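Comments concern the structure below.
Within every chain, numbering begins at 1; the chains are lettered A, B, ... in the order of the sequence lines, protein sequences first and strands thereafter. Owing to the predicted nature of the structure, the values given are computational and were not obtained by experimental measurement.
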Protein chains: 2
Amino acid sequence: MTVTIYDVAREAGVSMATVSRVVNNNPNVKPQTRKKVFEAIERLGYRPNAVARGLASKKTTTVGVVIPDISNSIFSEVARGIEDIANMYHYNIILCNADKKKEKEIRVINTLLEKQVDGLLFMGGTVTEEHLQAFNTSSVPIVLCATTDEQNAVASVDIDHEKAAFDAVNVLIQNGHRDIAMISGTLQDPANGYARYQGYKKALEAAGMTLREDYVRIGNYRYESGLEVTKHFLELKDRPTAIFAATDEMAIGAIHTLQDNGLKVPEDVSVISVDNIRMASMVRPQLTTVAMPMYDIGAVSMRLLTKLMNKEMKDASELMQVILPHEVIHRNSVAHRS
Amino acid sequence: MTVTIYDVAREAGVSMATVSRVVNNNPNVKPQTRKKVFEAIERLGYRPNAVARGLASKKTTTVGVVIPDISNSIFSEVARGIEDIANMYHYNIILCNADKKKEKEIRVINTLLEKQVDGLLFMGGTVTEEHLQAFNTSSVPIVLCATTDEQNAVASVDIDHEKAAFDAVNVLIQNGHRDIAMISGTLQDPANGYARYQGYKKALEAAGMTLREDYVRIGNYRYESGLEVTKHFLELKDRPTAIFAATDEMAIGAIHTLQDNGLKVPEDVSVISVDNIRMASMVRPQLTTVAMPMYDIGAVSMRLLTKLMNKEMKDASELMQVILPHEVIHRNSVAHRS
DNA sequence: CTGTTAGCGCTTTCAG
DNA sequence: CTGAAAGCGCTAACAG
């Protein structure tokens, strides 16, 4: 039925070991023998069994990636970065959506580990004590992607969310705005929520402005939420002249309710955010935002993982927190205060 | 170092076979023994090795999915549908981007097969003779996702692209439009290109209208392309009053160059397309389009694959071409001809 | 440069 | 209900 390395060996008149060598490109094989073996392989239509190889060699050349939701463009960008580099180093990836649910995250981490992945890339919600415990049972390297744990106990690659938010709010301030509202994510979320809120707060402070409670509203990162939340700002007696949204999607939502209410962006109200999803340049006005290098975060974390898997470097804890640079992308949603 | 089934057996005072039974939920184990084994597992922190299991049982509970580009929202939607159902049936997925490049597609199909996936989901460009050959070397079931092969030789799930385009153009016609241009994809692409173009053509014919060469332009499916191509229509002496784009992204591009040139959508020019990506309702005006059920295509094809893998049904060739329904989503980019 | 020989960790008859 | 034993297909020393 299925042709094995043994069949090839017999067909070529050599030993299994030799066949294994040519299949694995081991140079210690006489060209002549190599040729014989290749012919036998061809003739028999032999296809190496990676599972058997994995059991024998204790390496599967596959890495696990747990991701919140692959259909979310932010994460699918990261995933593309991961897969490109994985591919480059001859790894495959097993993709698991976990929707930022702790239970599900822990569960998939375990099944990935059962599948003997050579490494793990984790992209999720908050990294809790339980996550750390699960990571600890792993004998393969793990790197956090677009997240970090409080203790910096595990390698990670991310941007400085607080600084990104700070920079965003600052362009508003530089444009003369003083009444700046924020559409935040939940403060429970360390990176996209809390950190970005902190950046907003600190930027105001640095400019000697005071934070108004009614200028901060919590959204859920999505477009519809930006649409909703902005209505509240519109009801205020003294409306903000600028809005900082924690994500591009919410910012686009904000722009639309503004427009739907007869306000012009950026003439009447300026809008800025963080992320730089593809859609940011596909709306009118085009969105000014702070670019988070999604693809690079994926690519760099996968590259880091390969190094760890090859033991090119030990997980030197502190040194393993890589922060990628962000950048303000000036487009058309911010104007000087009129 | 690593604890195996043998260690657990010794610890629990039973045989490997018994441990295997409890791990696999085989009912033929006395509750008492089961308990002993579970305790031993707990005590030792035993984690089953799925690779060894895969070798012994010849099943890996993982399926391969080859996809053009996971960062493209169309495909990432499909992927989510696939993963959800896979998860439901306890399968994991190995994801490979192949960018619709034949070479790459064939290559990943082979490595996926080497990894002994239990089934394969293929989403790609044209299915050529070479693809069919590669599929033929497979002993596991394969289903095409959002594509079909000419010969209907392999199971597939997709929508009727021609009919979807036909329906889209028809809403334009129903609205009194007679000068309808099309932004098409390449005619080399059977589904999104050729079939959608055919639908356009047939809708015009059915309405007794003649197709104007200069009203058809080829784009590359993306936003920027829609932006570009539309400029040509603007240069025509008798401009179209409506535009049908093969994809939402190109339609949004069309809307924007229309707007950027002082034309109003839909008052001056109507725009419709096919896809219904998330962004379609995140632009102004919101896009009227024919919804292609991306998530469902993924979900249904994965479900079909599970049936094939369980041999619940043999690949009854002809019967295996499932066509999912599409639906016109009326939003605000189409108006009656003024 | 090539062959022999043990396993890798688990499932699966087959007995009992 | 439980155990013994034979592999699954391949890699990796170790000899030669």
Side-chain angles (χ1 to χ4, degrees), chain A residues 1-38 40-41 44-62 90 110-111 113-118 139-140, chain B residues 1-38 40-41 44-62 90 110-111 113-118 139-140:
Chain A
M1 186 71 233
T2 69
V3 17
T4 74
I5 202 175
Y6 179 75
D7 301 317
V8 177
R10 200 157 30 73
E11 174 82 10
V14 299
S15 72
M16 292 167 52
T18 302
V19 177
S20 176
R21 288 193 187 95
V22 345
V23 168
N24 292 295
N25 253 306
N26 182 319
N28 294 13
V29 182
K30 207 197 302 175
Q32 219 178 102
T33 341
R34 182 182 303 277
K35 183 151 170 290
K36 274 195 306 184
V37 173
F38 272 133
I41 287 178
L44 267 36
Y46 167 69
R47 173 148 46 207
N49 180 325
V51 171
R53 171 183 297 165
L55 182 58
S57 69
K58 297 176 167 308
K59 274 189 256 135
T60 54
T61 60
T62 106
H90 304 294
N110 282 314
T111 90
L113 259 17
E114 286 186 7
K115 295 225 169 172
Q116 312 298 121
V117 294
D118 293 336
S139 57
V140 298
Chain B
M1 187 68 233
T2 70
V3 16
T4 76
I5 203 175
Y6 179 76
D7 301 317
V8 177
R10 201 158 29 73
E11 174 81 9
V14 299
S15 73
M16 292 167 51
T18 301
V19 177
S20 175
R21 288 193 187 95
V22 344
V23 168
N24 293 295
N25 252 304
N26 182 319
N28 293 12
V29 181
K30 210 196 300 177
Q32 217 177 103
T33 340
R34 184 182 303 278
K35 183 153 170 291
K36 272 196 309 186
V37 174
F38 272 133
I41 286 177
L44 267 36
Y46 168 68
R47 173 149 43 207
N49 180 325
V51 171
R53 171 183 297 165
L55 182 59
S57 69
K58 297 179 167 304
K59 275 188 255 133
T60 54
T61 62
T62 106
H90 304 294
N110 282 314
T111 88
L113 259 18
E114 286 186 7
K115 295 224 169 171
Q116 312 299 120
V117 293
D118 293 337
S139 55
V140 298

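- In this structure, B:V14 reaches the sugar-phosphate backbone alone: every heavy-atom distance under 4.0 Å involves primed, P, OP1 or OP2 atoms, never a base.
- Put simply, NZ on B:K115 is 23 Å from P on D:dC8, counting in whole angstrom units.
- The side chain of A:R21 lies closest to C:dG3 when the candidates are C:dT13, D:dC8, C:dG3.
- Comparing C:dT12, D:dT11, D:dC1 against the side chain of B:A17 picks out C:dT12 as the nearest.
- Scanning all heavy atoms of the two residues, the minimum distance from B:S15 to B:A9 falls at C-CB, 3.7 Å.
- For B:T33, the listed nucleotide lying nearest its side chain is D:dC1; candidates were D:dG9, D:dC1, D:dT11.
- Counting to the nearest Å, the P atom of D:dA5 and the OH atom of B:Y6 are 12 Å from each other.
- A donor-acceptor contact shorter than 3.5 Å links the side chain of A:S57 to the backbone of A:R53.
- Fit an axis to the five pairs at each end of the helix from C:dC1-D:dG16 to C:dG16-D:dC1 and the two axes sit 30° apart, to the nearest 10 degrees.
- The CE atom of A:M16 sits 16 Å away from the C1' atom of D:dC14 (whole-angstrom rounding).
- Candidate nucleotides C:dT11, C:dG9, D:dT11 were compared by shortest atom distance to the side chain of B:S57, and C:dT11 ranks first.
- Taking only side-chain atoms of A:K30, from C-beta outward, the nucleotide of D:dC10, C:dT2, D:dG9 with the closest atom is C:dT2.
- Among D:dC14, D:dT11, D:dT2, the nucleotide with an atom closest to any side-chain atom of B:N28 is D:dT2.
- Of the residues B:T62, B:V51, B:L55, B:T60, the one that meets the side-chain contact (heavy atoms from CB on, under 4.5 Å) test with B:Q116 is B:T60.
- Checking D:dC10, D:dG3, D:dG7 against the side-chain heavy atoms of A:R53 singles out D:dC10 as nearest.
- Out of D:dG7, D:dT11, C:dT2, the shortest distance to the side chain of A:T18 is found at C:dT2.
- For B:Y46, a side-chain nitrogen or oxygen approaches OP1 or OP2 of C:dC10 to under 4.0 Å.
- Using modelled atom types, one side-chain atom of A:N26 and one backbone atom of A:N28 make a donor-acceptor pair closer than 3.5 Å.
- Where B:L55 and B:S15 each meet DNA chain D at their nearest nucleotide, the meeting point lying more 5' is that of B:S15.
- Side-chain atoms of A:R47 and B:N110 form a donor-acceptor pair, as typed in the model, at a separation below 3.5 Å.
- Residues B:N49 and B:T4 have side chains not in contact (no heavy-atom distance under 4.5 Å, counting atoms from C-beta outward).
- Both B:K59 and A:V29 lie near DNA chain C, and the one whose nearest nucleotide falls closer to the 5' end is A:V29.
- Computed from coordinates, the B:Q116 CD to D:dC8 C1' distance equals 11 Å when rounded to whole Å.
- Comparing atom distances between the A:T4 side chain and each of D:dA12, D:dG9, D:dT2 picks out D:dG9 as nearest.
- Checking the phosphate oxygens (OP1, OP2) of C:dC8, no side-chain nitrogen or oxygen of B:N49 falls inside 4.0 Å.
- Set against C:dT12, D:dG7, D:dC10, the side chain of A:I5 has D:dC10 as its closest nucleotide.
- Phosphate contact (OP1/OP2 of D:dG9, side-chain N/O of B:K58, threshold under 4.0 Å): present.
- What separates CG of B:N25 from P of C:dT11 is a distance of 12 Å, to the nearest Å.
- Closest approach of B:V117 to B:L113, counting heavy atoms only: CG2-CD1, 4.3 Å.
- Interatomic distance, NZ of B:K30 versus NZ of B:K35, reported as 13.0 Å (0.5 Å rounding).
- Rounded to an integer number of Å, the gap from A:N26 CG to C:dC1 C1' is 10 Å.
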